[in-house]
2 protein chains.
Amino acid sequence: MHAYIASRISLPSHSAQPGLPNVFDPAPLQPVSFFPAGAEIYAQGETAGALYQVEFGAVRIYRLLADGRRQISAFHLAGETFGFEADATHHFFAEAVNATAVRVLRLSGGADMSHQLLPLALKGLTRAQEHLLVLGRQNAIERVAAFLVDMAERQGGLRQVELPMSRMDIGDYLGLTIETVSRVFTRLKDKGVIRLINLRSIEIVKQEVLQTLGE
Amino acid sequence: MHAYIASRISLPSHSAQPGLPNVFDPAPLQPVSFFPAGAEIYAQGETAGALYQVEFGAVRIYRLLADGRRQISAFHLAGETFGFEADATHHFFAEAVNATAVRVLRLSGGADMSHQLLPLALKGLTRAQEHLLVLGRQNAIERVAAFLVDMAERQGGLRQVELPMSRMDIGDYLGLTIETVSRVFTRLKDKGVIRLINLRSIEIVKQEVLQTLGE
DNA sequence: CTGGACACTTGATGTAGATCAACAATCCGC
DNA sequence: GCGGATTGTTGATCTACATCAAGTGTCCAG
């Protein structure tokens with residue numbers, strides 16, 4: 001999909017992370033890697049063994065079918081952690097949606113991290129199961145509404161929501177085509193539910209309507 | 001959906017479980033509950049706090065939309081464990097598909113089970129993410145094929161596969177209607193890929209074809 | 001063994017969203 | 001700031017699956 005080769009620049013980070021409980025302290029500060037838009041963070045089939053915490057930017061986790069159909073199973077925004085697997089192999093691809101910094105937390109063989117990992121895994125599991133309901137049983141408007149509500153919540157519940165990803169990404173996350181995503185945005189705009197500030201940023205005008213549609 | 005009230009009969013179990021590593025030993029043997037077909041094991045909104053291990057039978061995990069649309073996120077067969085949640089509340093319903101026995105493992109407040117739970121949670125996460133690909137990007141034949149391959153694998157890879165659940169359950173798991181599920185079964189039968197031994201049991205005749213369709 | 005209730009299958013028709021196609025807006029390198 | 005490439009929108013048409021409808025098979029209570 002992307003012939004892009006990641007140009008990683010690792011460097012020790014000095015920024016404290018207020019608000020984000022750094023469960024990995026008091027280990028020495030972990031290195032941060034930068035990825036430009038579209039760069040691969042890891043690929044399906046690669047050996048797993050690190051956790052990744054998004055410092056800024058956004059990451060998409062996805063799988064491909066043989067003919068190129070793509071399903072994005074999750075987006076990860078600043079503060080979120082991803083990369084854990086059931087065995088020693090990555091079963092998904094991870095790519096930077098746009099310019100992204102990721103703190104890499106190597107899992108030292110000895111240390112037992114299950115205490116820290118379990119809540120993250122359970123959170124991910126709940127999210128995936130909720131996404132199953134959306135993909136299995138909701139129509140196009142409901143899917144987009146659920147997506148926007150989720151993105152808004154994860155950005156602190158503000159009226160203005162940033163969408164770092166393209167319509168293609170949104171489509172591949174919601175199981176829709178870009179055309180359908182675009183039409184639904186237009187429909188929600190015409191109904192006065194949202195306002196399109198620019199391509200990658202919307203304002204939620206009627207939060208209740210969106211909420212009701214999405215559930 | 002079901003006005004059915006579970007008639008639980010709890011009793012201490014004496015059966016050893018060869019083949020199933022009982023990670024909860026050497027705790028005293030946990031009680032086993034029986035549930036008739038359709039009985040509720042737990043409901044969305046209830047307080048969580050136990051794990052459930054299927055002794056025999058099958059369990060469906062699902063969510064409902066306000067208008068009654070249902071998405072089954074998982075089936076659990078003999079030997080599998082379910083019931084863990086990200087917080088103290090169940091976010092899904094669990095029901096016996098047919099006559100089912102479940103070992104209830106109360107999580108004592110003090111004990112730290114994250115070591116045992118993490119692999120189960122990660123396994124569930126991977127499964128849910130794979131199911132997302134099916135629901136988001138595969139067509140009706142591919143969905144049914146993937147489902148049959150999965151059921152076959154979980155039953156030891158034999159040619160003959162038992163389907164303890166109704167067409168309605170399969171439809172609600174795959175995001176399809178019962179009619180579409182039925183038509184796809186007929187289509188696979190006509191192509192000679194499967195044989196319908198009876199309503200709840202099929203034989204896989206062309207394993208490779210099914211495998212290819214499902215991925 | 002018989003009847004009635006489900007569960008499933010099969011057929012006819014409708015429709016949401018995909019696909020195909022043209023155009024518009026936006027971004028970015030020079 | 002210009003021009004081409006990329007991303008998004010809008011319209012026309014097609015199609016896979018849903019919906020509606022009418023059987024058929026299966027199971028069990030009596």
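Note that these values count all heavy atoms, side chains included, but never hydrogens, waters or copies made by symmetry. In what follows, every chain begins at residue 1, and chains take the letters A, B, ... in the order their sequences are listed.
Looking at B:Gln155 and B:Leu77, their side chains come closer than 4.5 Å, going by heavy atoms from C-beta outward. The closest side-chain heavy-atom distance from B:Arg154 to B:Asp150 is below 4.5 Å. Between A:His131 and A:Tyr173 there is a side-chain heavy-atom pair separated by less than 4.5 Å. Side chains of A:Leu132 and A:Glu130 form no contact here, defined as non-hydrogen atoms less than 4.5 Å apart. Two residues are said to be in side-chain contact when any heavy atoms from C-beta on lie closer than 4.5 Å; B:Ile61 and B:Phe75 fail this criterion. Side-chain contact between B:Thr47 and B:Tyr42 is absent, with no heavy-atom pair separated by less than 4.5 Å.
Of the candidates C:dG17, D:dT7, D:dA18, the closest approach to any side-chain atom of A:Arg200 belongs to D:dT7.
Rounded to whole Å, the distance from CD on A:Glu179 to C1' on D:dT13 is 13 Å. As a whole-Å value, the separation of B:Leu174 CG from D:dC17 P is 12 Å. Rounded to a whole Å, the CD1 atom of B:Ile202 is 16 Å from the C1' atom of C:dC8. One interatomic measurement links the two molecules: CD1 of A:Ile178 to P of C:dA21, which rounds to 15 Å at whole-angstrom precision.
Contacts of B:Leu176 with the nucleic acid, taken as non-hydrogen atoms under 4.0 Å apart, involve only primed sugar atoms and P, OP1 or OP2. As judged by a 4.0 angstrom heavy-atom cut-off over every strand, A:Gly175 is placed among residues touching the sugar-phosphate backbone only.
Heavy-atom distances to DNA chain D give each of A:Met168 and A:Arg137 a nearest nucleotide, and the one nearer the 5′ end belongs to A:Met168.
Ring geometry, B:Phe34 versus B:Phe56: the interplanar angle falls from 30° to 60°, so the pair is classed tilted. Ring geometry for B:Tyr62 versus B:Phe93: interplanar angle under 30°, hence parallel rather than tilted (30 to 60°).
Contacts of residues 182-199 of chain A with DNA chain D (heavy atom under 4.0 Å): A:Ser182, A:Arg183, A:Thr186, A:Leu199.
In this structure, the separation between CD1 on B:Ile194 and CZ on B:Arg187 is 11.5 Å, given to the nearest 0.5 Å.
Five base pairs at each end of the helix from C:dC1-D:dG30 to C:dC30-D:dG1 define two local axes, and these are offset by 50° (rounded to 10°).
Between A:Thr177 and C:dG17, a side-chain N or O to OP1/OP2 separation shorter than 4.0 Å is absent.
Ring centroid separation for the pair B:His76 and B:Tyr52 does not come in under the 6.0 Å cut-off.
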Give me the distances for all protein-to-nucleotides 13-16 of chain C N/O pairs that come in under 3.5 Å?
none

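For the pairing with B:Arg143, the side-chain contact (heavy atoms from CB on, under 4.5 Å) check across B:Leu213, B:Ile170, B:Leu176 returns one residue only, B:Leu176.
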